[in-house]
Amino acid sequence: MYLHIVEDLKTTIIERFPEISEEEVNISSPPDLRFGDIAVPLFVLAKKLGVSFSGIGEKIIGVIRDLSYIDRAELVGGYLNLFLKRNLYARETLIEIFSKKEKYGSVGLGKEKKALIEHTSINPNASPHVGRARNAMIGDSLSRLLKFEGYDTEVHYYVNDMGRQIGLLVLIADELEGLDFNGILDAYVKANRRAEEDEEFAKRGYDLLAKMEEGDEETRKKFYRVTELCLQGQLEVLKRLGVEYNCFDRESSFLHSEELEKVLNVLREKGALFVDEEGRLTVDLSKLGYSQEEGRYFVLRRANGSSMYGYRDLAYTIYKGKRGSDVNLIVLGEDHKLYAQQLELILKSAGYSSPECVFYSYILLKEGKMSTRQGNVVLLSDFLDKASELALQKVKQQCVELSENEQKLIAEKIAVSAIRFAVLKVSPTKNVVFDYDSALSFEGDTGPYLQYGCARIKSILRKYGKDIGDEIGEDFSIKTDDEWIVVRRLSEFPEVVVNSLVQRNPAIVANYALELVRRFTTFYHNCPVLQAEEEALKYSRLQLCKATLQTLENALSLLGIPVLERM
RNA sequence: GCGCCCGUAGCUCAGUAGGAUAGAGCAACGGCCUUCUAAGCCGUGGGUCGUGCGUUCGAGUCGCACCGGGCGCGCCA
């Protein structure tokens with residue numbers, strides 16, 4: 001509804017004043033309800049046409065007066081403030097929500113289109129910590145946005161089942177028999193420490209890698225066993241968060257690729273490929289237009305012939321590119337920026353496209369950086385356990401009538417919402433300081449607050465007992481500002497979803513959801529629903545509750561936050 | 001040193017393609033549970049939007065410089 005009106009206003013104004021371009025017509029929201037619902041700043045228009053604010057303002061009023069949803073217009077300073085017909089607007093908004101239901105908010109941006117997104121792709125050597133999980137949560141939320149907008153979406157997870165660290169891990173796993181997922185983190189730390197101290201051990205790691213790459217069956221099996229064990233453990237934790245994938249691509253299957261050979265030939269032709277003094281096969285990016293000295297060289301193969309991560313990743317990136325997606329995304333930590341740039345440059349030189357990168361900054365602890373080596377990490381599973389336990393205490397008080405099992409399920413969902421919202425509400429490019437205690441508090445701007453808002457609505461609907469129809473009756477009405485503010489916000493959801501997806505930033509939806517709940521809660525406190533003065537008003541408010549719940553459910557599902565019946 | 005990202009209240013963050021008096025939460029203080037879930041609500045205090053120039057009718061938002069933090073810069077992934 002909101003998008004409609006903005007478009008409508010723009011075209012109406014442009015049609016009347018052909019000398020004004022579309023970019024010059026700016027529609028904005030007034031800071032306060034008494035300035036109306038929609039504002040048209042007149043500064044640019046007045047200047048362009050060489051008339052006064054009131055001159056242009058009156059003319060615009062003249063052309064938009066006939067638009068059915070405009071109640072009245074006021075000129076204040078350089079603004080033309082428009083007041084909407086509340087009942088009409090609310091009616092249209094609710095009709096749209098009730099007819100689209102779980103699709104409300106989608107404008108079908110991805111209709112008939114394909115999308116591919118790769119995210120998380122953690123090294124199979126440790127239990128994911130909250131910092132790494134930022135990748136998963138952002139990626140998962142973007143996947144949900146893509147699907148919601150109608151994209152046929154593939155979610156890829158790149159299994160880094162090769163490389164130096166995995167080589168070392170396999171070595172040590174051989175020594176420590178019966179290693180389980182929990183033992184891996186320990187083993188990984190041990191392996192790395194030992195490699196630093198013991199050159200012989202480190203060399204054995206590289207040798208093992210080379211053997212793996214040559215295709216030795218026994219070695220391949222060993223690698224597979226260790227990495228699969230770790231991968232499944234990681235996926236289990238991620239699944240607790242509601243994060244899932246539909247394509248797993250093993251790095252070890254990208255050791256050879258015809259396309260990559262083509263790329264290498266192009267590099268040779270351009271004189272960008274050479275063997276350096278240490279015997280490594282290296283790309284000189286300056287031959288491809290790279291202008292800095294720093295990061296100029298990109299090593300493809302070690303002196304012993306084994307491939308580097310980047311080599312395999314080139315093949316993998318080409319593979320993903322060939323899947324013919326209209327959108328090709330990858331979620332990466334900011335530490336990969338230069339690397340991604342280098343990769344893109346190489347692929348571009350041979351005519352291949354690269355994925356669009358969504359970078360996110362690190363999550364820091366109050367004590368400083370998270371570091372697996374120093375044990376200064378918040379493990380995702382630990383956090384979820386702790387949060388779930390705390391939530392359970394509260395649920396036991398609040399939901400006495402439920403079975404212990406049901407209580408536990410609720411507590412777990414509260415824990416998930418706490419972590420997901422804490423991470424997703426912050427824009428990806430920002431460093432976040434993760435405060436363990438406030439993430440566990442469940443009060444204020446938190447996931448549980450959102451769930452609480454939903455649970456309250458559900459409670460009202462449950463108490464009402466009967467189904468609430470989708471038909472908006474003749475006597476439907478919006479009486480108070482509090483109701484109106486909710487309606488306005490509901491109507492803006494489709495625009496929010498588009499912004500969030502286009503800007504590749506789930507935080508936009510997260511903050512929208514927060515604001516919607518806050519506004520609903522104000523309404524909730526000021527306007528009795530079941531005890532409303534008259535029957536018609538009661539039903540109007542019930543329908544508003546239902547519409548709010550639907551919108552909230554849609555928003556929360558984009559964030560992967562579960563909605564609860566009660567809590 | 002070079003490159004990219006960030007800098008908004010004591011703390012954690014919003015701020016909608018430059019627009020009207022800069023907003024939340026936490027922490028502090030004061031109120032509200034015989035009324036739809038108090039994981040809530042209302043109120044008070046708290047800001048030269050890192051600093052300085054500049055562009056503009058108008059800058060937290062755009063440009064430049066500086067300061068501070070994060071990340072990266074050839075056998076890690």
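Lettering of chains follows the sequences in order, A, B, ..., and the numbering in each one begins at 1.
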Colleague: Using atom CD of A:Gln503 as one end and atom C1' of B:G15 as the other, report the distance to the nearest whole Å.
Modeller: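 After rounding, the gap between these two atoms is 12 Å.
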
Colleague: The side chain of A:Asn123 is closest to which nucleotide in this list: B:A77, B:G72, B:C57?
Modeller: B:A77

Colleague: Identify which nucleotide among B:A77, B:U8, B:C75 has an atom closest to any side-chain atom of A:Tyr309, counting heavy atoms from C-beta outward.
Modeller: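 Among B:A77, B:U8, B:C75, the one nearest the side chain of A:Tyr309 is B:A77.
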
Colleague: Contact class for A:Phe434 vs. all strands (heavy atom < 4.0 Å): base, sugar-phosphate, or nothing?
Modeller: nothing

Colleague: Closest approach to the side chain of A:Arg518, judged atom by atom: which nucleotide of B:G40, B:G19, B:C41 is it?
Modeller: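 Of B:G40, B:G19, B:C41, B:C41 is nearest to the side chain of A:Arg518.
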
Colleague: Say you pick atom P in B:G47 and the same atom in B:C2; how far apart are they, in whole Å?
Modeller: 37 Å

Colleague: Side chain of A:Phe442, heavy atoms from C-beta onward: which of B:A39, B:C36, B:U21 has the nearest atom to it?
Modeller: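 Nearest to the side chain of A:Phe442 among the choices is B:A39.
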
Colleague: Tell which nucleotide pairs with B:G1, taking only Watson-Crick or G-U wobble pairs whose two distances are both under 3.5 angstrom.
Modeller: B:C73

Colleague: Tell me what A:Gln398 touches on the nucleic acid: a base, only sugar-phosphate, or nothing, going by heavy atoms under 4.0 Å.
Modeller: base

Colleague: Starting at the 5' end of RNA chain B and moving along, which residue's nearest nucleotide shows up first, A:Glu334 or A:Arg301?
Modeller: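 Closer to the 5' end of RNA chain B: A:Glu334.
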
Colleague: Does this structure show an ion pair linking A:Glu196 with A:Arg193, if we count only N-O contacts that are shorter than 4.0 Å?
Modeller: no

Colleague: Between A:Lys425 and A:Asp445, does any NZ, NE, NH1 or NH2 come within less than 4.0 Å of an OD or OE carboxylate oxygen?
Modeller: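 Salt bridge between A:Asp445 and A:Lys425, a charged N being under 4.0 Å from a carboxylate O: no.
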
Colleague: Using a strict threshold of under 4.0 Å (side-chain N to carboxylate O), is an ion pair present between A:Lys408 and A:Glu412?
Modeller: no

Colleague: Output yes if the stacking criterion (under 5.5 Å between centres, under 30° between planes) is met for A:Tyr297 over the base of B:G74, else no.
Modeller: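 A stacking contact exists, since A:Tyr297 sits close and nearly parallel to the base ring of B:G74.
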
Colleague: Any heavy-atom pair between the side chains of A:Leu267 and A:Ile346 that's under 4.5 Å?
Modeller: yes

Colleague: Without decimals, in angstroms, what is the distance between A:Asn526 CG and B:C41 C1'?
Modeller: 9 Å

Colleague: Is the base of B:G40 stacked against the aromatic ring of A:Tyr449, taking ring centres under 5.5 Å apart and planes under 30° as the test?
Modeller: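 Aromatic stack with B:G40 absent for A:Tyr449.
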
Colleague: Under 4.0 Å, heavy atoms only, any strand: does A:Ala391 hit a base, just the sugar-phosphate, or nothing?
Modeller: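 Nothing, no heavy atom under 4.0 Å.
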
Colleague: Of the nucleotides B:A39, B:A20, B:C41, which has the atom closest to the A:Thr521 side chain?
Modeller: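 Side chain of A:Thr521 sits closest to B:C41.
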
Colleague: What's the CD-C1' distance between A:Gln342 and B:C76, to the nearest Å?
Modeller: 13 Å

Colleague: Please determine, for the side chain of A:Gln165, which listed nucleotide (B:C76, B:G70, B:G25) has the closest atom?
Modeller: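 For the A:Gln165 side chain, the nearest candidate turns out to be B:C76.
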
Colleague: Hunt down the Watson-Crick or G-U wobble partner of B:C26, both distances under 3.5 Å, from any strand shown, or write none.
Modeller: B:G10

Colleague: What distance, rounded to whole Å, do you find between the two C1' atoms, one in B:C41 and one in B:U12?
Modeller: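 22 Å, rounded to whole Å.
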
Colleague: Kindly indicate, with the supporting measurements, whether the criterion ring pair (Phe, Tyr, Trp, His ring centres under 6.0 Å) is fulfilled by A:Phe520 and A:Phe523.
Modeller: CA-CA 5 Å; A:Phe520 175 81; A:Phe523 156 76; 5.5 Å; yes

Colleague: Roughly how many Å apart are B:U51 and B:G7, using the P atom of each and rounding to a whole number?
Modeller: 13 Å

Colleague: Report the base-pairing partner of B:C64 (Watson-Crick or G-U wobble, both distances below 3.5 angstrom), or none.
Modeller: B:G52

Colleague: Counting side-chain heavy atoms from C-beta on, which of B:G74, B:U21, B:C41 comes nearest to A:Arg34?
Modeller: B:U21

Colleague: When you match A:Gly310 and A:Leu530 each to their closest nucleotide on RNA chain B, which lands nearer the 5' end?
Modeller: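 Taking each residue's closest nucleotide, the earlier one in sequence belongs to A:Leu530.
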
Colleague: Grab the CZ-C1' distance between A:Phe520 and B:C41 for me, whole Å please.
Modeller: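 Atom CZ in A:Phe520 sits about 13 Å away from atom C1' in B:C41.
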
Colleague: With the side chain of A:Asn431 defined as its heavy atoms from C-beta on, choose the nearest nucleotide among B:G70, B:A39, B:C57.
Modeller: B:G70

Colleague: Which nucleotide wins on minimum distance to the side chain of A:Ser459, given the candidates B:U37, B:C42, B:G74?
Modeller: B:U37

Colleague: Is A:Lys463 touching bases, backbone alone, or none of the nucleic acid, heavy atoms closer than 4.0 Å?
Modeller: sugar-phosphate

Colleague: So, are A:Arg488 and A:Glu492 salt-bridged, with charged N and O less than 4.0 Å apart?
Modeller: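 The answer is yes: the pair qualifies as a salt bridge.
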
Colleague: Is the aromatic ring of A:Tyr362 within stacking range of B:G70, meaning centres under 5.5 angstrom and planes under 30 degrees?
Modeller: no

Colleague: Please answer whether B:A20 and A:Phe35 are stacked, defined here as ring centres separated by less than 5.5 Å and planes angled under 30°.
Modeller: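 Stacked: ring centres under 5.5 Å, planes under 30°.
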
